[in-house]
Protein chains: 2
Amino acid sequence: MSDTAPAQPSHAPRPRRQRADAQRNRARLLAEADRAFREQGTEASLEKIARGAGVAIGTLYAHFPTRRALLSALLRDRHDALFALGDELLAAAPPPPAFDQLTRWMRAVAEHGAGYSGLAEELLGSHEDKGSELHAACARLSAAGSALTARAHAAGAIRPDITPDDVFALVSAASWLRARTRDETRAERLLTVLFAGLRP
Amino acid sequence: MSDTAPAQPSHAPRPRRQRADAQRNRARLLAEADRAFREQGTEASLEKIARGAGVAIGTLYAHFPTRRALLSALLRDRHDALFALGDELLAAAPPPPAFDQLTRWMRAVAEHGAGYSGLAEELLGSHEDKGSELHAACARLSAAGSALTARAHAAGAIRPDITPDDVFALVSAASWLRARTRDETRAERLLTVLFAGLRP
DNA sequence: ACCTGAACACCGTTCAAGT
DNA sequence: ACCTGAACACCGTTCAAGT
């Protein structure tokens with residue numbers, strides 16, 4: 001996972017000043033939610049998260065009106081890192097082979113989507129649902145994927161019938177599978193197989 | 001989906017005689033569960049299923065002590081059909097090309113696993129968990145897949161590093177994706193891509 | 001400006017009482 | 001032999017009352 005500084009975070013920036021206690025509560029909620037989501041997936045109990053963060057359930061809802069809003073806040077930095085990686089890949093000169101570029105991108109997004117069980121589902125769903133808090137992030141991930149897919153097509157590196165949405169769907173499936181494969185060697189092999197099928 | 005008669009159902013047969021009302025309740029519960037699982041996935045509310053079947057919640061639990069037991073009963077016939085397909089493919093003479101045979105099997109299992117959202121997860125999990133009510137079925141599906149994988153290896157039709165567990169995992173991922181792809185043409189293309197990656 | 005926690009609706013699961 | 005539904009524990013979500 002790249003730790004390059006996000007090129008241009010480009011989200012609506014969050015309100016600048018909060019009371020100190022509010023800021024602390026928010027941070028605690030995020031930390032506890034990350035723990036819970038990693039251990040139990042994105043459907044983890046919100047009440048337990050609030051309890052674990054030492055606040056009342058109403059405080060959780062005050063900060064994050066929906067489960068997706070909480071998830072979205074949690075993913076913000078990681079999405080920024082992915083956007084930066086996308087920019088980097090697209091700007092690279094001389095460009096590496098188009099197939100490698102595309103699969104490097106797909107691999108990075110797949111690893112991201114495997115971070116919490118349930119996340120792959122959320123990303124694939126939010127990609128199609130314009131109303132989702134995660135839609136903007138998915139659209140931007142998808143845009144980078146589209147550009148890399150177009151390059152791969154131009155180089156004749158992938159099957160001509162593959163669409164950018166296919167690529168997004170495959171990455172989601174890869175995320176789902178990656179999240180459920182404990183053996184790292186096997187996970188690696190499975191991703192390779194998944195992506196190899198894109199070849200003409 | 002093949003409608004060949006199951007070769008040898010081989011499950012422990014369910015108790016022969018039930019009171020007429022019990023038999024009717026069981027059938028109603030299964031029908032209602034199928035409806036609910038198809039519409040809301042395998043996590044659908046059991047209380048609603050009982051209500052929809054016109055029985056009290058205790059009756060549902062009396063017939064099916066766990067959610068998995070209910071799911072397992074629901075899948076029994078479809079699993080028998082798949083076992084029969086496996087036997088058929090393995091017995092075919094002259095055998096069709098090993099790769100086609102394997103992917104025909106994978107496709108059939110993937111379609112099956114896409115029947116309910118949440119089922120792919122259940123199958124992959126039960127494959128590893130010997131205590132699951134679904135383990136026996138998964139093991140038998142996996143055995144057929146193993147035999148077809150071995151044939152494909154013997155013919156040099158797939159990458160040498162692929163294991164039977166890899167095949168099961170890929171089928172699960174295919175199921176997951178298939179269940180979330182409404183466009184049939186696209187679903188077809190995605191399965192083709194997923195399976196094409198097995199080639200050497 | 002933010003936090004608390006009671007209140008409501010809903011569900012999973014068990015089990016004593018019925019027929 | 002089977003069914004019922006109350007009982008308990010738990011969770012999501014809202015909102016009036018507090019500081």
Side-chain angles (χ1 to χ4, degrees), chain A residues 13-33 35-37 39-74 116-118 121-122 125 131-134, chain B residues 13-33 35-37 39-74 116-118 121-122 125 131-134:
Chain A
R14 302 195 330 93
R16 242 122 280 292
R17 306 193 137 283
Q18 289 182 119
R19 248 164 48 179
D21 57 340
Q23 208 164 336
R24 211 202 45 174
N25 285 341
R26 186 174 192 280
R28 284 186 171 219
L29 282 165
L30 285 171
E32 189 62 26
R35 240 175 54 80
F37 286 180
E39 284 169 20
Q40 286 119 45
T42 58
E43 299 302 315
S45 156
L46 297 179
E47 291 213 316
K48 274 185 191 157
I49 291 171
R51 264 201 298 278
V55 302
I57 181 66
T59 302
L60 186 153
Y61 277 92
H63 283 274
F64 308 104
T66 67
R67 183 184 292 271
R68 274 228 186 84
L70 174 55
L71 181 60
S72 184
L74 226 32
Y116 307 133
S117 130
E121 177 111 45
E122 207 64 52
S132 164
E133 279 100 334
L134 281 168
Chain B
R14 300 196 332 91
R16 241 121 280 292
R17 306 193 137 279
Q18 288 183 118
R19 246 165 49 183
D21 58 340
Q23 207 165 336
R24 210 202 47 176
N25 285 342
R26 186 174 192 278
R28 283 187 172 220
L29 281 165
L30 285 171
E32 189 62 25
R35 243 174 54 81
F37 287 179
E39 284 168 21
Q40 285 119 45
T42 57
E43 299 302 314
S45 156
L46 297 179
E47 291 212 315
K48 273 185 190 156
I49 290 172
R51 264 201 298 279
V55 302
I57 181 64
T59 302
L60 186 152
Y61 277 92
H63 282 274
F64 308 105
T66 66
R67 183 184 292 272
R68 274 226 188 86
L70 175 55
L71 181 60
S72 183
L74 225 31
Y116 308 133
S117 130
E121 178 111 46
E122 207 64 51
S132 165
E133 280 98 335
L134 282 167

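Order of the sequence lines fixes the chain letters, A, B, ..., with proteins taken first and strands second; residue numbering starts at 1 for each chain. Being a predicted model, the structure only gives us computed values, none of them experimental.
Distance B:L60 CG to D:dC3 P: 11 Å, rounded to the nearest Å. Between the CZ atom of A:R26 and the C1' atom of C:dC3 there is a distance of 16 Å, given to the nearest Å. One interatomic measurement links the two molecules: CZ of A:R67 to C1' of D:dG12, which rounds to 8 Å at whole-angstrom precision. Here the P atom of nucleotide C:dG5 and the CG atom of A:L46 are 18 Å apart, to the nearest Å. Here the P atom of nucleotide D:dG12 and the CD atom of A:E43 are 9 Å apart, to the nearest Å. Atom CD of A:Q23 and atom P of C:dA1 are 15 Å apart (whole Å). If you take CZ of A:R68 and P of D:dG12, they are 16 Å apart, rounded to a whole angstrom. Rounding to whole angstrom units, CD1 of residue B:I57 and P of C:dC11 are separated by 10 Å.
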* Just do the side-chain contact (heavy atoms from CB on, under 4.5 Å) check on A:L71 and A:E122 with the steps written out, would you? => CA-CA 10 Å; A:L71 181 60; A:E122 207 64 52; 3.5 Å; yes
* Let me see the working for A:L70 and A:L30 under side-chain contact (heavy atoms from CB on, under 4.5 Å), right down to the final yes or no. => CA-CA 8 Å; A:L70 174 55; A:L30 285 171; 4.0 Å; yes
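The side chain of A:K48 lies closest to D:dC11, out of C:dT14, D:dC11, D:dC2. Among the nucleotides C:dT13, C:dC3, C:dC11, the one closest to the side chain of B:S45 is C:dC11. For A:A56, taking side-chain heavy atoms from C-beta onward, the closest of the listed nucleotides D:dT13, C:dT4, C:dC3 is C:dT4. Closest to the side chain of B:E47, out of C:dT13, D:dT4, D:dG12, is C:dT13. Comparing D:dC2, C:dG5, C:dG12 against the side chain of B:Y61 picks out C:dG12 as the nearest. Here C:dC3 is the nucleotide among D:dT13, C:dC3, C:dC2 with the atom lying nearest to any side-chain atom of A:T59.
Residue A:N25 places at least one side-chain N or O under 4.0 Å from the OP1 or OP2 atom of C:dC3. OP1 or OP2 of C:dC3 sits under 4.0 Å from a side-chain N or O of A:H63.
Within the 3.5 Å criterion, the main-chain N or O of B:I49 finds no donor-acceptor partner in the side chain of B:R35. Distance alone, capped at 3.5 Å, places no donor-acceptor pair between the B:R26 side chain and the B:H63 backbone. Counting only distance, with no hydrogens or angles, the side chain of B:R68 and the backbone of B:L134 share no donor-acceptor pair below 3.5 Å.
Residue B:R51 is classed as a sugar-phosphate contact, given heavy-atom separations below 4.0 Å to backbone atoms only. Counting any heavy atom pair closer than 4.0 Å across all strands shown, B:A62 reaches no nucleic acid atom.
Taking the nucleotide of DNA chain D with the nearest heavy atom to each of A:A44 and A:G58, the more 5' of the two is matched to A:A44. Checking B:R19 against B:T66, the closest nucleotide of DNA chain C that is more toward the 5' end is the one next to B:T66.
Across all strands shown, C:dT4 pairs with D:dA16; the Watson-Crick or G-U wobble distances both stay below 3.5 Å. The base-pairing partner of C:dC11, taking Watson-Crick or G-U wobble contacts with both distances under 3.5 Å, does not exist among the strands shown.
Using a 4.5 Å heavy-atom cutoff, the side chains of B:R67 and B:E43 are in contact.
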